[in-house]
Amino acid sequence: MNTETSQKLFEEARHLMPGGVNSPVRAFKSVGGNPVFMKSASGAWLTDVDGNRYLDLINSWGPMLLGHARPEVVQAVQEAAIHSFSFGTPTSAEVEMANLIIALVPGVEMVRMVNSGTEATLSAIRVARGFTGKEKIIKFEGCYHGHGDSFLIAAGSGAMTFGVPDSQGVTNAVAKDTLTAPYNDLETVKQLLVNNPDQVAAIILEPVVGNMGLVNPEPGFLQGLRDLCDEYGVVLIFDEVMTGFRLSAAGAQGLFGVRPDLSTFGKVIGGGLPVGAYGGRREIMEKVSPSGPVYQAGTLSGNPVAMAAGITMLKLIQADPELYTRLEQKSSSIEIGISEIFSEKGLPVCVNRCGSMFTVFFCEGPVRNYTEAKKADTIRFAQYFQALLSRGVYPAPSQFEAMFISDAVGEKEIAFLLEAVRGVVKDM
Ligand SMILES: *Cc1c(COP(=O)(O)O)cnc(C)c1O
């Protein structure tokens with residue numbers, strides 16, 4: 001595969017942008033080699049700047065639920081663009097968008113649009129703090145909630161201590177307000193609540209984790225958190241930036257039947273344009289400025305071109321009751337196919353999946369939390385990644401990410417993917 005133009009671009013980019021990229025997940029740091037630069041995409045397929053084609057398993061890290069350049073979405077964006085890109089005044093598109101989100105997600109009674117998932121999560125915890133008058137939050141090891149200071153916190157030594165900064169530039173003062181627990185561990189959450197009486201404003205989590213690789217909530221975990229939040233007066237925040245409109249039209253909360261107090265959205269909600277949102281119970285959302293005392297604002301929030309893409313996405317979802325059944329069937333045959341190939345070879349892997357999100361962990365299962373995920377053999381994964389890439393499949397360049405299946409994937413793509421995996425695994 002000739003990637004000469006990508007190589008040249010990356011050489012140049014390295015001197016212009018930190019690591020040559022605008023977001024670290026795009027770099028190939030954990031798998032080796034240099035990133036491939038994309039030029040266009042249609043349906044399930046990417047084309048790079050050298051003309052190579054790849055079956056896309058990342059789908060812009062989630063947004064392209066229906067595949068790339070879906071004609072209805074492209075047309076809506078074009079039509080919005082000719083009316084100017086932004087006004088800084090309210091528009092009817094914002095009302096339409098809010099109506100759609102509230103209709104699709106039962107846990108959302110009121111919503112605020114923002115420009116990214118990061119903005120949504122950091123705003124949501126600010127509102128939770130304002131609403132409860134408490135300062136600490138509980139998050140789970142391995143869950144990602146964007147790059148807000150409060151979330152870039154690792155577990156301290158010993159499960160009961162305060163968190164420590166997980167990035168330079170995050171202060172110890174911020175870390176003191178973020179408590180961490182292992183995912184799927186209700187007992188530790190309970191201990192944290194008991195040990196920090198009347199201090200915890202919110203529990204935030206990915207209701208299905210995509211950001212340590214795909215990890216499912218164990219039966220009873222989400223409901224257990226709901227019960228603890230009710231008992232201790234804590235705001236339950238489902239970070240559905242990845243799972244929202246992907247696992248069901250009502251996200252993970254729809255799939256598992258547990259209603260959070262606040263939800264955050266991103267990715268699919270913008271159909272590939274920069275959009276985020278947070279929303280939930282009316283009494284909490286009314287605390288947000290200008291109706292309440294919790295300040296949060298945005299010059300380009302609810303941008304009309306971005307809303308046009310998002311509205312069209314959500315309408316396509318709403319109009320297609322079979323969408324998530326199809327995604328489940330396609331993803332299930334991929335999961336079964338991949339699992340069979342590895343087990344025939346006798347290579348131990350753990351394939352975790354929920355709907356159209358999955359991860360092949362290169363270790364024995366089960367993988368239920370970050371400690372178990374970290375047992376994966378990342379060197380083997382890197383081999384697997386490079387071999388798939390050279391066969392025209394573009395997986396996430398990290399063991400600790402989810403892969404996404406879009407509705408543009410059909411029989412032909414599934415056969416292509418399984419053939420590629422078979423070839424790669426044979427040589428491992
Ligand atoms: C992607 C992601 C974010 C951050 O969203 P950005 O748009 O990248 O800022 C937050 N939470 C979860 C669960 C995500 O997957």
Side-chain angles (χ1 to χ4, degrees), residues 21-27 57-65 105 107 112-128 137-153 166-167 178 180 183 202-217 222 225 236-248 251-253 255-256 260 262-280 296 298 300-303 306 309-310 313 352 354-359 370 373 396-398 400-404:
V21 292
N22 279 313
S23 191
V25 293
R26 296 176 199 172
L57 294 185
I58 65 166
N59 282 285
S60 184
W61 299 94
M64 315 317 285
L65 179 73
V105 190
R112 169 61 61 85
M113 301 310 301
V114 291
N115 305 291
S116 67
T118 294
E119 264 190 79
T121 53
L122 60 86
S123 305
I125 57 162
R126 185 181 301 147
V127 181
I137 61 165
I138 296 176
K139 77 173 281 281
F140 295 89
E141 289 160 31
C143 281
Y144 178 68
H145 304 294
H147 62 85
D149 283 8
S150 303
F151 303 119
L152 298 178
I153 307 295
D166 201 18
S167 159
T178 302
T180 63
Y183 199 75
I203 295 177
I204 184 167
L205 75 154
E206 294 178 72
V208 171
V209 192
N211 286 293
M212 56 174 116
L214 194 285
V215 171
N216 274 295
L222 299 177
L225 292 176
L236 180 61
I237 307 174
F238 278 6
D239 179 356
E240 298 236 37
V241 169
M242 195 178 269
T243 53
F245 311 102
R246 170 154 291 275
L247 296 182
S248 83
Q253 55 196 274
L255 199 61
F256 291 93
L262 290 178
S263 306
T264 56
F265 300 99
K267 300 191 170 115
V268 176
I269 204 175
L273 269 76
V275 180
Y278 65 101
Q296 189 271 309
L300 295 176
S301 295
N303 173 270
M313 263 315 266
N352 278 3
C354 185
S356 56
M357 297 164 58
F358 73 98
T359 297
Y370 193 44
S398 162
F400 306 106
E401 298 286 356
M403 248 62 71
F404 301 94

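Values in this document were obtained by computation on a predicted structure and should not be read as measured data. As the structure lists them, so they are numbered: ligands from 1, and atoms in each ligand from 1.
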Distance (rounded to the nearest 0.5 Å) between L247 CG and E240 CD:
7.5 Å
Polar contacts were defined as any N/O atom of the residue lying under 3.5 Å from an N/O atom of the ligand; does this apply to V241 and ligand 1?
no
Does any N/O atom on T118 come nearer than 3.5 Å to any N/O atom on ligand 1?
yes
Please check this pair: side chain of T178 against backbone of S150, looking for a donor-acceptor N/O pair closer than 3.5 Å.
yes
Would you check the N or O atoms of E206, main chain and side chain alike, for any that come under 3.5 Å of an N or O of ligand 1?
no
Just checking, any donor-acceptor pair under 3.5 angstrom between side chains of Q296 and R126?
no
Atoms of ligand 1 close to S116 [distance to a heavy atom under 4.0 angstrom, numbered from 1]
7 (O), 9 (O)
Does the N352 side chain pair with the main chain of T359, one donor and one acceptor, at a distance under 3.5 Å?
no
Using modelled atom types and a 3.5 Å cut-off, is there a donor and acceptor pairing between side-chain atoms of T121 and backbone atoms of H145?
yes
Polar atom proximity, T121 to ligand 1 (N or O, under 3.5 Å)
no
Can you list the ligand 1 atoms lying under 4.0 Å from a non-hydrogen atom of M242?
15 (O)
Does even one non-hydrogen atom of H147 get within less than 4.0 Å of ligand 1?
no
What are the atoms of ligand 1, with element, lying closer than 4.0 Å to any heavy atom of D239?
10 (C), 11 (N), 12 (C), 13 (C)
Just heavy atoms, cut-off under 4.0 Å: does N211 contact ligand 1 by side chain, backbone, both, or neither?
side chain
Give the atoms of ligand 1, by number and element, whose distance to some non-hydrogen atom of G117 is under 4.0 Å.
4 (C), 5 (O), 6 (P), 7 (O), 9 (O)
Would you say D239 and T264 are linked by a side-chain donor-acceptor pair, where the criterion is simply a distance under 3.5 Å?
yes
So which protein heavy atom does atom 2 (C) of ligand 1 come closest to, and at what separation?
K267 NZ, 2.6 Å
Looking only at non-hydrogen atoms, find the nearest pair between L236 and P260 and report the distance.
O-CB, 3.5 Å
Near F358 CZ, under 6.0 Å, is it more than 12 heavy atoms from other residues, nucleotides or ligands?
yes
